[in-house]
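Before any comments, here is the structure.
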Number of protein chains: 2
Amino acid sequence: MAKEKESESKSERILNAAEELFARHGYDGVTMRQIASRAEVDVALANYHFGKKEELFHAVFNRRAEILSATRRKVLMESQKQAGKGKQSLEQIIEAFLLPLKIAQESQEPGWRNYMALLAYVLTSPVWNEVLMPTVFDKRVEEFIDALKSALPDAREEDIHWCYHYVSGALALTLAQTGRIDRLTGGQCKSTDFDTAYNLMIPFVAAGFREVCKPKKKRK
Amino acid sequence: MAKEKESESKSERILNAAEELFARHGYDGVTMRQIASRAEVDVALANYHFGKKEELFHAVFNRRAEILSATRRKVLMESQKQAGKGKQSLEQIIEAFLLPLKIAQESQEPGWRNYMALLAYVLTSPVWNEVLMPTVFDKRVEEFIDALKSALPDAREEDIHWCYHYVSGALALTLAQTGRIDRLTGGQCKSTDFDTAYNLMIPFVAAGFREVCKPKKKRK
DNA sequence: CACTATATTCAACAAGCGTTGAATATACAA
DNA sequence: TTGTATATTCAACGCTTGTTGAATATAGTG
């Protein structure tokens with residue numbers, strides 16, 4: 001047993017164990033000893049490599065955040081190039097934003113699955129959202145909002161932001177993999193089925209954007 | 001000072017303090033001593049009234065869950081009556097589902113605001129969702145899914161469930177009041193502005209439902 | 001008043017927490 | 001080999017945690 005564990009360095013094992021546990025139980029629901037135990041490592045080693053518990057949490061979050069952010073940037077750029085002079089379609093922009101779902105679906109690594117749930121935790125936490133989201137993700141969000149403005153030139157800026165907020169929420173609950181949709185449908189739909197979640201979410205939110213951001217008659 | 005505190009019983013103060021703290025920091029991020037301190041009450045009193053910490057958490061969650069669930073049932077029923085023989089509109093059904101936003105907006109009580117964030121926490125937590133959501137809320141959800149089926153008779157059941165999932169996510173992030181939309185818009189949009197969140201969300205998700213659930217040509 | 005049930009306080013328990021400094025093992029260069 | 005930096009273990013620290021049982025206060029009843 002523990003074949004795969006051998007192929008990873010101990011510090012990687014710590015990050016992976018922490019990722020899995022933080023994703024499920026949140027920052028305060030996990031102890032350093034639980035992390036060390038799951039990583040099959042001494043308790044003091046996590047402190048040695050990453051410093052305090054909070055710094056370990058940052059390290060876990062940032063590790064894949066930077067990968068994700070860089071990929072998002074690349075995908076949006078390519079989509080813009082591909083569209084050439086013509087406007088990008090709403091669907092193309094949204095596809096790029098929903099990239100986390102595609103990454104989690106295509107990579108078989110359970111690490112990415114765990115990270116998706118961790119991302120959902122940070123997104124929905126009043127405490128951690130403020131601390132962790134701005135540093136890495138805010139620039140990408142601005143780029144996406146700009147792309148949306150170009151695709152919806154007549155829209156009010158606030159409407160776009162609120163729609164973006166709804167998309168972000170739908171995405172977050174999907175990433176969280178709470179298993180609720182499985183329970184409600186008796187297993188017919190699966191929380192882990194990012195593929196379907198992705199394919200249906202694109203037309204859903206595209207239609208929402210078009211409805212809310214369409215030119216209005218009057219608004220008092 | 002502490003004028004209002006006097007008008008509440010100590011056990012109410014404990015529930016309110018726990019509600020506020022659990023909503024912001026999660027179950028594990030709050031200690032019994034913090035709750036007691038905020039409620040201006042002895043540490044042992046919370047145990048005396050509510051039992052173990054986990055039982056206190058359940059008490060906090062269930063207190064308003066039952067009110068909310070009952071109101072939801074009533075609103076949906078009335079909306080069905082009002083529609084009479086004709087089908088309910090999608091918008092009417094969604095309005096009823098988004099009731100938590102209206103309650104939080106109309107009641108000035110900060111307690112309801114805190115509870116909204118607690119609800120978001122439970123909705124997005126893989127651990128608590130399974131424990132707390134089924135007992136009170138599942139029956140209401142089934143009723144709503146049924147209403148949606150009537151309004152969208154040609155839709156595939158799975159599509160409806162996935163769309164419901166997106167709505168649930170958008171709602172959850174709104175309830176969470178993370179302050180992210182405030183930061184992204186420089187204060188132009190406000191997390192606490194449930195009124196706008198509600199008014200824009202209805203057309204947004206109604207359009208999404210119609211798009212995803214419209215009769216398809218073919219699907220391989 | 002006395003009696004009783006409920007409410008509240010107090011002090012303390014054992015267990016678990018994050019973190020650290022010193023001791024030891026390992027890897028690699030000279 | 002010896003020397004040195006890095007990696008890992010060990011034992012322990014002071015502190016906080018949830019919870020409890022006994023002591024005390026309060027309220028209501030006869």
Side-chain angles (χ1 to χ4, degrees), chain A residues 1-63 118 121-122 125 127-128 131-132, chain B residues 2 4-63 118 121-122 125 127-128 131-132:
Chain A
M1 72 163 94
K3 286 179 208 162
E4 352 279 306
K5 288 262 167 73
E6 300 301 317
S7 64
E8 301 164 337
S9 74
K10 293 198 176 186
S11 82
E12 280 174 322
R13 270 154 53 191
I14 292 170
L15 286 175
N16 291 337
E19 187 172 58
E20 180 181 347
L21 292 168
F22 282 143
R24 182 160 180 83
H25 300 99
Y27 177 78
D28 298 294
V30 178
T31 71
M32 296 295 278
R33 285 174 169 83
Q34 287 176 303
I35 295 169
S37 166
R38 175 158 285 258
E40 298 182 52
V41 145
D42 188 88
V43 213
L45 198 55
N47 284 106
Y48 171 76
H49 280 297
F50 302 101
K52 300 194 181 304
K53 184 185 180 186
E54 188 158 336
E55 295 174 306
L56 170 61
F57 189 70
H58 286 139
V60 170
F61 183 79
N62 287 328
R63 176 171 59 154
L118 182 68
Y121 168 71
V122 170
S125 157
V127 174
W128 291 110
V131 179
L132 292 176
Chain B
E4 352 279 307
K5 287 263 168 71
E6 300 303 316
S7 66
E8 301 164 337
S9 74
K10 293 199 178 186
S11 82
E12 280 175 322
R13 268 153 55 189
I14 291 170
L15 286 176
N16 291 337
E19 186 172 59
E20 179 180 347
L21 292 168
F22 282 143
R24 181 160 180 83
H25 299 99
Y27 177 78
D28 298 293
V30 178
T31 71
M32 296 296 278
R33 283 173 171 83
Q34 287 175 305
I35 295 170
S37 166
R38 174 157 285 257
E40 299 183 49
V41 144
D42 188 88
V43 214
L45 198 56
N47 285 105
Y48 171 76
H49 279 297
F50 302 102
K52 299 196 182 303
K53 183 184 180 186
E54 188 159 336
E55 295 174 306
L56 170 60
F57 189 71
H58 287 148
V60 171
F61 183 79
N62 287 329
R63 177 173 57 154
L118 182 67
Y121 169 70
V122 170
S125 156
V127 174
W128 291 109
V131 179
L132 292 176

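The chains referred to below are lettered A, B, ... by the order of the sequence lines, with proteins before strands, and numbering in each begins at 1.
The CG atom of A:Asn62 sits 7.0 Å away from atom CG of A:Leu132, with the distance rounded to the nearest 0.5 Å. Rounded to the nearest 0.5 Å, atoms NZ (A:Lys53) and CD1 (A:Ile35) are 7.0 Å apart.
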With sugar-phosphate taken as primed atoms, P, OP1 and OP2 and all else as base, the protein-contact string of nucleotides 7-22 of chain D at under 4.0 Å (heavy atoms; B, S, -) is BBBB-B----BBBB--

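Salt bridge status for B:Arg38 with B:Glu20: present, with a side-chain N to carboxylate O gap under 4.0 Å.
With sequence neighbours left out, A:Tyr27 forms a ring pair (Phe, Tyr, Trp, His ring centres under 6.0 Å) with A:Phe22, A:Phe57, A:Trp128.
Put simply, CD1 on A:Ile35 is 10 Å from P on C:dT19, counting in whole angstrom units.
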Audit row: B:Ser11, B:Phe50, side chain to side chain contact (heavy atoms under 4.5 Å, CB included) steps and yes/no: CA-CA 9 Å; B:Ser11 82; B:Phe50 302 102; 4.1 Å; yes

